[in-house]
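The next block holds one structure in the form of structure tokens; read it before the comments.
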2 protein chains.
Amino acid sequence: MSSATGAGDGDGSAGAGGSAPTAASVANRLGNAPSFAEMWRELLPLGRDSRSGGYRRFAWGGADAECREWFREQVEGRGLAYEVDRNGNQWGWLGDPEAGDAVVTGSHLDSVPDGGAFDGPLGVVSALAALDELRDRGARFGRPLAVVNFGDEEGARFGLACVGSRLTAGQLGVEDAHRLTDADGVSLPRAMEAAGYDPDAIGADPERLARIGAFVELHVEQGRALDLSGDAVGIASAIWPHGRWRFDFRGEANHAGTTRLADRHDPMLSYAETVLAARREAELAGAVATFGKIAVEPNGVNAVPSLVRGWLDSRAADQATLDTVVTGIERAAREYAAAHGIDLDVVRESFTPVVEFDHALRDELGRILGRDTDLTVPVLGTGAGHDAGILSGRVPTAMLFVRNPTGVSHSPAESAGEDDCLAGVRALADVLEGLACR
Amino acid sequence: MSSATGAGDGDGSAGAGGSAPTAASVANRLGNAPSFAEMWRELLPLGRDSRSGGYRRFAWGGADAECREWFREQVEGRGLAYEVDRNGNQWGWLGDPEAGDAVVTGSHLDSVPDGGAFDGPLGVVSALAALDELRDRGARFGRPLAVVNFGDEEGARFGLACVGSRLTAGQLGVEDAHRLTDADGVSLPRAMEAAGYDPDAIGADPERLARIGAFVELHVEQGRALDLSGDAVGIASAIWPHGRWRFDFRGEANHAGTTRLADRHDPMLSYAETVLAARREAELAGAVATFGKIAVEPNGVNAVPSLVRGWLDSRAADQATLDTVVTGIERAAREYAAAHGIDLDVVRESFTPVVEFDHALRDELGRILGRDTDLTVPVLGTGAGHDAGILSGRVPTAMLFVRNPTGVSHSPAESAGEDDCLAGVRALADVLEGLACR
């Protein structure tokens, strides 16, 4: 049995810091750590909607709090040093957090509305299981290790994704964060406060980022590339540039039974035309564009709406293509709106430029994972945003993807086979060992 | 000062019934009855949304309860006998309710979401003001008179219009009514119970209908016919046949950033195509068709929806035209759905056949209102449903419309000029006097 902490000095003691566990305590507790399958079973019921079978783990709400409490227990149960940073992200440290050049892995536990079980939790559970695997292997670490659960990755509640990592990386200002509100008008600060966190503490955290030498996030693949190539695990190359735009079509509320068609200013018509234009523009450009969220006022069966608000999500392999798509959609929307006497406002609510993951780290992952085989591990781009994408501007960052046979995600049908999940854990353990034990 | 009650026997006593007021008490209280303008001002703030300026008076909720309490006070303040029937409709009687052949007038006080001030309340306030006017004129009544406030006319909360009058007329069965639920899952019986009414009492009320010799509902016009003809008041000919259909487009929830367009089953696309098809079909047929209410699951910005549920409201001058329109829309929707791999269910949630108002009563209204002028009062059809339409199958029924300069209704922009409103009160008083004092 190896020392599970320490800075590679071989004495088996915790590196430093009063809260860091001793090597002995880690070793003693190891036997009690639940397996991947046990952890997975514990998480499965939390925040699951009985009707849809999907998850509703929204930032700072009840199901999210249960998941966070579960994470804390896992960290403490393994004898890791538990920390919550100023932005509510949860950390578990093995070795001295202050030593620097740490290798960090993890993901998030929150979900989109009616999301699947894997997007986020697979990366967190695999991170914990990879640590267990490394201890079983008797690995000795030359760098501090940490597992992390980032807060509010999906943006399901406040409309902005990756709030926890954005704040930490300084990509989201404190004032802007304080202005975020959910559908019930509850602000982010009030929601954090209600969950027991101090909203006045939030903000950029460069000292914390400076401790991290590498961040590796494991994630279920959200497409079918690995299924088509026949691989269980792949490495991310880049995240496509993507953004969210809000289209507000304002017309005139009126009685649906008595108002002549010619007298109407019905914003639903312009909205419908714009939905179809978005599909056409995305198809032409080889990009994606989606209207998946809508809010209608007054939303009555017998009322011509006064307002139809639709949110466009669009992504493409490069910036120029994305610009072409979104400009085309907006131009079409303005023509339709003008034809129906509708006022149109288009607001870009968020935007993330293309993220190229650190090439040196990516190549190192490829070498580590290819070491025992002659195979080349596939390297693939993705249209999904991740905390890894946010951190990549500040820290060498990489991602591993685990095969998703259907390619479905953000849905209860999201899946990954048990063998593939365990292959992901082994790959992540290999990567952590290769990086931290050198 | 005339007797304000009695069955035309000239003795000034209440016709019968312990709860009916005496003529003296009615006369004494008359001086305190607020004017049309005063009543209007009292109602204006109840249930008004400060942001939209529209009304949110939903059946059995807080604002509706305030309006109902206001109505009770108006009835009792005038010395009328106050009653709530088994379906929660409120009545104020002048004369003996049991005498039969009563002339009844009134409308409703609930609203659509963000509705205007006039749709419903104009008919209730005008009914009370017309009674005051008749007393001022010293009118003597040969028939009992009543004012009524029907419950849940707009169907904003439970999705079915005219619940109060439908139940009374036996057009809505008790079991069906008990199955109605609002958006929060609260059933109609529970909502009525919470508002202090007995849901076990609801059901058809033929004895009550048998007492009514004529029902006349005054309503703000929900179109521009009177504005175009230059008349303050008109008489209804018929209510167009109309119905509500729910279109459930079921696809597959998926990640909006990572799912290839070709792999998607996005129900928003079929919905959008159907919205545009509805407009085309209605235009071709000279009918109206509207998708004004939508519910999307999961309704996340970065999620391809699993379900888009849209409600179609369609109306036409005759049944054959309406059938053509709705059949055409459904056929188009099924083609679009099939093309995208979407399951489509279409459910007719409600339907009301064409309502021809009682020809004899309509002609009598025309004679009464034309008596003092050489003008012919315009007679017009309408696409809007009303309690008068429901009752017309059981009771001779007529409607008066008051000019709406913009034609807008179901919106805060709904309006009627003060002079036109007062002309409406005089016309209604003329009609009541002509019918009840003969």
Side-chain angles (χ1 to χ4, degrees), chain A residues 52 54 112-115 154-156 159 161 222-224 240 242 244 252-261 263 266 268-269 271-273 275-276 279 282-283 288 290-294 296-306 311 313 315 382-385 407-413, chain B residues 52 54 112-115 154-156 159 161 222-224 240 242 244 252-261 263 266 268-269 271-273 275-276 279 282-283 288 290-294 296-306 311 313 315 382-385 407-413:
Chain A
S52 70
V112 294
D114 291 324
E154 294 290 6
Q222 296 169 284
R224 298 196 304 162
W240 290 12
H242 68 278
R244 296 173 174 190
E252 184 176 56
N254 221 322
H255 192 296
T258 58
T259 314
R260 297 187 312 160
L261 297 180
D263 289 340
D266 183 350
M268 189 66 85
L269 299 173
Y271 169 77
E273 289 167 319
V275 166
L276 300 176
R279 173 69 169 219
E283 258 172 359
V288 291
T290 311
F291 277 94
K293 180 177 177 179
I294 187 172
V296 176
E297 294 180 10
N299 208 33
V301 181
N302 58 351
V304 177
S306 56
W311 280 264
D313 180 302
R315 320 188 190 204
T382 174
V408 171
S409 78
H410 282 197
S411 149
Chain B
S52 70
V112 294
D114 291 323
E154 294 289 5
Q222 295 169 284
R224 298 196 304 161
W240 289 10
H242 67 277
R244 297 174 173 187
E252 184 176 57
N254 222 321
H255 192 295
T258 58
T259 315
R260 298 187 313 159
L261 297 180
D263 290 340
D266 183 350
M268 188 67 86
L269 299 172
Y271 169 78
E273 288 167 321
V275 166
L276 300 176
R279 173 71 169 219
E283 257 172 0
V288 291
T290 311
F291 277 95
K293 180 176 177 180
I294 186 172
V296 176
E297 293 180 9
N299 208 31
V301 181
N302 58 353
V304 177
S306 57
W311 280 264
D313 181 303
R315 319 189 191 205
T382 174
V408 172
S409 79
H410 283 197
S411 149

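Keep in mind that what you see is a predicted model, and the values were worked out from it rather than measured.
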>> Let me confirm one number: the NE2-CG distance from H255(A) to D313(B), rounded to the nearest 0.5 Å.
In response: 7.5 Å

> How would you list, by chain and number, every residue that makes a salt bridge (charged side-chain N to carboxylate O under 4.0 Å, His left out) with D114(A), sequence neighbours excluded?
Replying inline: R56(A)

> Just by modelled atom types, is the L261(A) backbone N or O under 3.5 Å from a matching donor or acceptor in the R279(B) side chain?
Replying inline: yes

>> Is A156(B) close to chain A through its backbone or its side chain, or both, or neither, when contacts mean heavy atoms under 4.5 Å?
In response: neither

>> Determine whether L276(B) and E273(A) satisfy the following criterion, side-chain contact (heavy atoms from CB on, under 4.5 Å), listing intermediate values before the conclusion.
In response: CA-CA 8 Å; L276(B) 300 176; E273(A) 289 167 319; 3.6 Å; yes

> Looking only at heavy atoms, what is the nearest atom pair of H410(A) and A253(B), with distance?
Replying inline: O-CB, 3.8 Å

>> Need one label for N254(A): side chain, backbone, both or neither, based on atoms under 4.5 Å from any heavy atom in chain B.
In response: both

> What closest approach, in Å, do P113(A) and P298(B) show between heavy atoms, and which atom pair accounts for it?
Replying inline: O-CB, 3.0 Å

>> Among T259(B), L269(B), N302(B), V288(B), which residue has the highest count of heavy-atom pairs closer than 4.5 Å to chain A?
In response: N302(B)

> Which atoms form the tightest heavy-atom contact between W240(A) and R315(A), and what is the distance?
Replying inline: CE3-C, 3.7 Å

>> Counting heavy-atom pairs closer than 4.5 Å to chain A, which one of V275(B), V304(B), D266(B) comes out on top?
In response: V275(B)

>> Only pairs of heavy atoms separated by less than 4.5 Å count here; which of V112(B), T382(B), N299(B) has the most with chain A?
In response: N299(B)

> For the candidates G155(A), A384(A), A413(A), A303(A), which exhibits the highest count of non-hydrogen atom pairs separated by less than 4.5 Å from chain B?
Replying inline: A384(A)

> Top residue by heavy-atom pair count (under 4.5 Å) with chain A, among E154(B), R224(B), R260(B)?
Replying inline: R224(B)

> Counting heavy-atom pairs under 4.5 Å to chain B, which of G257(A), G383(A), S306(A), S52(A) comes out on top?
Replying inline: G257(A)

>> Taking side chain as everything from C-beta outward and backbone as N, CA, C, O, which of these in E297(A) sits under 4.5 Å from a heavy atom of chain B? Side chain, backbone, both or neither.
In response: side chain

> Do you know which of E252(B), Q222(B), H242(B) has the most heavy-atom pairs with chain A at a distance under 4.5 angstrom?
Replying inline: Q222(B)

>> For the interface with chain A, which of G54(B), G292(B), S411(B) has the highest count of heavy-atom pairs at distances below 4.5 Å?
In response: G292(B)

>> Which atoms of V296(A) are under 4.5 Å from chain B, going by heavy atoms: the side chain, the backbone, both sets, or neither?
In response: side chain

> Which bit of S409(B) is near chain A, if near means a heavy-atom gap under 4.5 Å: side chain, backbone, both or neither?
Replying inline: both

